[in-house]
Amino acid sequence: MQVNQNFLNLEDSYLFSTIARKVNEFQDAHQGEKVIRLGIGDVTLPLTKSVVSAMQEAVSEMSKSETFKGYGPEQGYDFLRNAIKDYYATKKVELAADEIFVSDGAKSDLGNILDIFGTTGTSLIPNPVYPTYLDTNTMAGRKINFLNGNEKNNFLPMPEDGDGGDLIYLCSPNNPTGATYTKEQLKIWVDYANNNGAVILFDSAYEFFVKDAELPTSIFEIDGAKTCAIEFCSFSKTAGFTGTRCGYTVVPQDLVRENIKLNKLWLRRQTTKFNGVPYIIQKGAAAVFTPEGQKEVETNIRYYLENAKIIRDAFKELGFWFVGGDNSPYIWIKCPDNLDSWTFFDKLLNEAHVVGTPGVGFGSGGEGYFRISAFGARENVIEAMDRIKKLYK
């Protein structure tokens, strides 16, 4: 027996464990002091009424022999796939139900999708970005090139900002920076992928936060994307499913490489390695797309975006450089006084009792930057910004 040596090439993930240790040490030394956490990527509002009602109804169905559900289709029940298809139609994107695969979250599929690709290619990954992209490619033994995000490109790197690859990871709105690609920018990426035989892996987990009608919420709003892109989405941030787990991946039938439909490969992979999302969860997910469900989810999203506006306004008042927060729950700020990410973390914790996320934890391109999250209670966001303004005024 031999182990997968690629795992030994992974860097130990110290980011959140280090944050937890520092916060615990601070609280041990300052008993009774209130620490406000704005580093969280988890939602804080509960599941909406429509979702809970649908799940409760599904639980009741599971208690009766005539409506009990055992193993379901690995790619998702038709009622949810059709609801997702109809949702895309509101974006003027036409999909077939068999192009939609229901999963237990975007993170799982973003890692598992590598099963259908060869290991000798090169992946093009933004820096900074969500760590799962880098780690799963390292595990698979693929060569990695980086797309360099920076102030000059507003942390929205384009093809000229990297050395190329056959798998291209794009996240919009981006985690951690909150920056969002325009249709014109995505068109350049789509043309690049089609011209080079590459495949775009498009992470749209935060698409519900995009309120600017001129900005795309799906890669498939771009002409030519169906021949070069796979899209990953999640109910986690859009509908509060972080503890419930549900997402979906769209693999178009028109996406063909080496005369093989990638949809067929992904279907084979899922039916072999995945038993599907529980019926109860899928019923809750389908409720998100009902008229009432959409209103409820919109209310939650607006709550987080109002938090983000409070954060943006505070840093604007202080004269900090930042992106994000307008169509995203994340605000990406430049650390003041040329501080590195961890030094700024320590300053906020020790002097303002506020916790954020050091940008360097998302890649070397994040050094000197800091992520603030809008996922939190309104009163805590207001208090945290008052503390930071007091510190820097």
Side-chain angles (χ1 to χ4, degrees), residues 41-90 95-113 115 132 203-208 230-251 263-264 266-301 303-304 375:
D42 195 359
V43 296
T44 51
L45 295 175
L47 294 173
T48 67
K49 182 178 179 180
S50 294
V51 168
V52 172
S53 294
M55 288 183 176
Q56 289 172 334
E57 181 181 336
V59 170
S60 180
E61 291 179 51
M62 296 294 278
S63 70
K64 304 169 186 175
S65 58
E66 59 270 24
T67 52
F68 173 77
K69 300 290 191 299
Y71 288 123
E74 294 92 345
Q75 57 270 52
Y77 285 97
D78 286 343
F79 65 80
L80 179 53
R81 298 172 90 191
N82 285 322
I84 296 170
K85 181 187 73 171
D86 293 343
Y87 171 64
Y88 271 83
T90 66
L95 296 177
D98 65 2
E99 295 177 310
I100 299 165
F101 298 82
V102 179
S103 72
D104 59 358
K107 181 178 182 179
S108 299
D109 282 2
L110 280 161
N112 293 330
I113 197 71
D115 281 1
T132 292
D203 184 350
S204 63
Y206 298 90
E207 56 100 9
F208 258 55
I230 296 173
E231 182 159 286
F232 305 83
C233 201
S234 171
F235 293 94
S236 286
K237 303 304 174 11
T238 60
F241 275 50
T242 54
T244 311
R245 308 310 307 142
C246 193
Y248 57 87
T249 293
V250 180
V251 187
N263 181 286
K264 181 179 179 180
W266 185 240
L267 175 62
R268 187 68 175 87
R269 189 269 172 206
Q270 291 298 81
T271 54
T272 300
K273 291 188 173 184
F274 185 56
N275 258 351
V277 176
Y279 173 74
I280 296 167
I281 303 299
Q282 292 194 52
K283 287 292 285 187
V288 171
F289 297 109
T290 64
E292 189 60 34
Q294 288 285 284
K295 290 178 184 177
E296 293 169 345
V297 169
E298 179 66 15
T299 298
N300 285 3
I301 296 295
Y303 179 91
Y304 293 131
F375 291 123

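Every value quoted in this text rests on a predicted model; they were computed, and no experiment measured them.
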- Between Val51 and Gly284, what is the shortest heavy-atom contact and its length? CG2-O, 3.6 Å
- Query: Would you say Val251 and Phe101 make side-chain contact, with heavy atoms under 4.5 Å?
  - Reply: yes
- Any donor-acceptor N/O pair, Ser53 side chain to Ser50 backbone, under 3.5 Å: no
- Message: Run Asp98 and Arg81 through salt bridge (Lys or Arg N to Asp or Glu O under 4.0 Å) and show every step you take.
- Response: CA-CA 8 Å; Asp98 65 2; Arg81 298 172 90 191; 6.0 Å; no
- Message: Within this structure, what is the CD-OG1 distance for the pair Glu231 and Thr249, rounded to the nearest 0.5 Å?
- Response: 9.0 Å
- Task: Indicate yes or no: at least one non-hydrogen side-chain atom of Asp42 is less than 4.5 angstrom from one of Phe375.
- Result: no
- Could you check if a side-chain atom of Met62 sits within less than 4.5 angstrom of a side-chain atom of Ile280, using non-hydrogen atoms only? yes
- Message: With a 3.5 Å distance limit and no angle check, can you tell me whether Ser204 reaches the backbone of Glu207 through a side-chain donor-acceptor pair?
- Response: no
- May I ask you to test the Trp266-Gln75 pair for a side-chain heavy-atom distance under 4.5 Å? no
- Query: So, does Asp104 use its side chain to make a donor-acceptor pair with the main chain of Val277 at under 3.5 Å?
  - Reply: no
- Query: Is the side chain of Gln282 donor-acceptor paired with the backbone N or O of Gly76 at a distance under 3.5 Å, no angle test?
  - Reply: no
- Message: Would the distance check show the side chain of Lys69 and the main-chain N or O of Thr67 forming a donor-acceptor pair, the cut-off being under 3.5 Å?
- Response: yes
- Thr244 versus Phe235: any side-chain heavy-atom pair under 4.5 Å? no
- Task: Could you check if a side-chain atom of Tyr304 sits within less than 4.5 angstrom of a side-chain atom of Thr44, using non-hydrogen atoms only?
- Result: yes
- Exercise: identify the closest heavy-atom pair between Pro46 and Asn300: O-ND2, 3.8 Å
- Do Ile113 and Phe232 pass the side chain to side chain contact (heavy atoms under 4.5 Å, CB included) test, and can you show the C-alpha distance, the side-chain angles, and the key distance before you say yes or no? CA-CA 10 Å; Ile113 197 71; Phe232 305 83; 4.0 Å; yes
- Message: Quick check: do Glu61 and Lys283 have side-chain heavy atoms less than 4.5 Å from each other?
- Response: yes
- Item | Qualifying residue for side-chain hydrogen bond (donor to acceptor under 3.5 Å, both in side chains) with Thr48, from Glu296, Gln294, Glu298, Glu292 | Glu296
- In terms of the angle between their ring planes, are Phe289 and Tyr87 parallel, tilted or perpendicular, with boundaries placed at 30° and 60°? tilted
- Other residues, nucleotides, ligands: >12 heavy atoms within 6.0 Å of Lys295 NZ: no
- side-chain hydrogen bond (donor to acceptor under 3.5 Å, both in side chains) with Ser236: which residues, sequence neighbours excluded? Ser234, Arg245
- Closest non-hydrogen atom pair, Ala205 against Thr238: O-CG2, 3.7 Å
- Item | Donor-acceptor contact below 3.5 Å, side chain Glu99 vs main chain Ala96 | yes
- Message: Is there a side-chain contact between Tyr248 and Leu80 in this structure, where contact means two heavy atoms from C-beta onward sitting under 4.5 Å apart?
- Response: no
- Message: Which residue is it: Arg268, Arg269, Gln270? I am looking for the one with a side-chain hydrogen bond (donor to acceptor under 3.5 Å, both in side chains) to Thr272.
- Response: Arg268
